[in-house]
Amino acid sequence: MLNYHPSIELLIDYSAGTLSLAHSISVSTHLEHCAECRRHVSQLNQVGSHLFTGLHMTDSHSHEPSSELNSLKEKMLNNLSADIPTSETIEQAPFDTNTVSARIPRSLHQFIQQDYDQLEWTRLSSSLRVATLCTDTNGSQVALTRIKAGSHIPTHSHTGEEITLVLEGSFSDEGGIYKKGDFISRNASHKHKPVVTKDAECICLTVLDAPIQFTGFFTRWLNPLLRKHHPNGI
Amino acid sequence: MNKPLTDDVSSLTNDMAAIANQRDKQALSRVFDFYAPKIHSFCLASHPGATLMADDITQEVMIKIWNKAHTFNPNTASLTTWIFTIARNARIDYLRKNGRHQSNIDPEFIWDNIVDEDVDLFREAQREKDKKMIAEGLAQLPNEQRQVLVKVYLEGKTHIEAAQDLGIPLGTIKSRVRLALNKLSICIAR
């Protein structure tokens, strides 16, 4: 049973398709771990589907498609291949899913073809490494953070909203203990100091609107490094 | 509201099997007649006047239905919900490919039917119950609550954009959505 979930607004935007792709990745990854949220999204999809069903009813026309749609249909039917779909006609993933490690969430398969170790990790400190996965059109950045067992992350605040999803291990901060699958959202008003549990390293998926700011006296030097690795960095 | 449609949808569900197994173009043609006008209106709802875009997406969705018919499982999602999610993803993908800003994130692999994968009898019964509650709830929803859901689901607006459109505070939008979900018996205590 997970304790930390996306807000209802995030689930709705996800189900309606209005959520940015970067944020959608974090919600999808949470869903792989959370049956409760899967049910909610399934319900929300049904809401969308009911509204969708009612759509043409608002037109004054009958059930028959217009002549424009009919010509579109003819064109489409003529171009269809009658073959049973093969790997070519079905869109194939641009990667071989057989090589991906079982611990990688499916939502990340398009970025991680083997395992976490094969990614390009940048060392930010002796206990903290980051690897960028992708950048969304709005500039949000999706990255992985890898923190050694038992380490403290320097106190930091966020300049935008940050979503953290625990993929491996666990960590805690003033707000609680976060385990695999937990979805944590922090905004600019939070200033927190996470600690990774002693038994295992912690790997998190992070979605950042804007770079994190380290606020501790000894850790300010990390800020230029972080900015350098963030596409929005100034 | 759309009660008489139920029979259509169950015969179309059989058509899906004919598409998957016999590659039946007549069956696809019936699916087209029923769903293409909805897909078309769905695209025009978010982008009024963009008929070329609506044509492209409608065609794209129908081809997906043809190619993926064998993956449709009526026990895990209704045909309409299945097609709605394909149309939603196609609209996102169209905007991604044709937008001003390109992105290397492929939406196809984000949604990927995770949601409707749980197959067991308990989940099936739950889904049937949800379906009934949502259909009945939507029919009785006050207009101001329905309007917000339409903005979000059909017009593709974020909560903030919906607030701007309707000229009401974001907080009001959020509370209308929560009230609506309550009426649909979607209880999310957070």
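Note on naming: letters A, B, ... go to the chains in the order of the sequence lines (proteins, then strands), and numbering restarts at 1 for each one. These numbers come from a predicted model, not from an experiment.
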Partners meeting side chain to side chain donor-acceptor pair (under 3.5 Å) with His23(A) (sequence neighbours left out)
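For His23(A) the side chain to side chain donor-acceptor pair (under 3.5 Å) partners, ignoring immediate neighbours, are Ser20(A).
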
Given that the side chain runs from C-beta out, which part of Ile12(A) has a heavy atom under 4.5 Å from chain B: side chain, backbone, both or neither?
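Looking at Ile12(A), backbone and side chain both touch chain B.
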
Which residue is it: Leu108(A), Thr164(A), Val166(A)? I am looking for the one with a side chain to side chain contact (heavy atoms under 4.5 Å, CB included) to Leu205(A).
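Result: among Leu108(A), Thr164(A), Val166(A), Leu108(A) is the only option passing the side chain to side chain contact (heavy atoms under 4.5 Å, CB included) with Leu205(A).
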
Ser29(B) portion near chain A, given a 4.5 angstrom heavy-atom threshold:
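The answer is both parts of Ser29(B).
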
For Val177(B), is it the side chain, the backbone, both or neither that has a heavy atom under 4.5 Å from a heavy atom of chain A?
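For Val177(B), the contact with chain A is made by the side chain alone.
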
Mind ranking Glu161(B), Gln59(B), Met133(B) by heavy-atom pairs under 4.5 Å with chain A and telling me who comes out on top?
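Option with the greatest count: Gln59(B).
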
Taking every heavy-atom pair that is under 4.5 Å apart, which of Asp24(B), Ile134(B), Leu184(B) has the most such pairs with chain A?
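Max contact count across the listed options: Ile134(B).
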
Among the options Gly17(A), Cys134(A), Gly48(A), pick out the one with the most heavy-atom pairs lying under 4.5 Å from chain B.
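Between Gly17(A), Cys134(A), Gly48(A), the count favours Gly48(A).
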
Salt bridge check: are Glu128(B) and Lys132(B) linked by an N-O gap of less than 4.0 Å?
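So Glu128(B) does not pair with Lys132(B) through a salt bridge.
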
So His30(A) and Phe183(A), would you call those rings parallel, tilted or perpendicular, with 30° and 60° as cut-offs?
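Perpendicular, since the angle between the ring planes exceeds 60°.
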
Tell me every residue that passes ring-ring contact (aromatic ring centres under 6.0 Å, His included) with Phe171(A), counting only those two or more places apart in sequence or in another chain.
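Counting only residues at least two positions away or on another chain, Phe171(A) forms a ring-ring contact (aromatic ring centres under 6.0 Å, His included) with Tyr178(A).
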
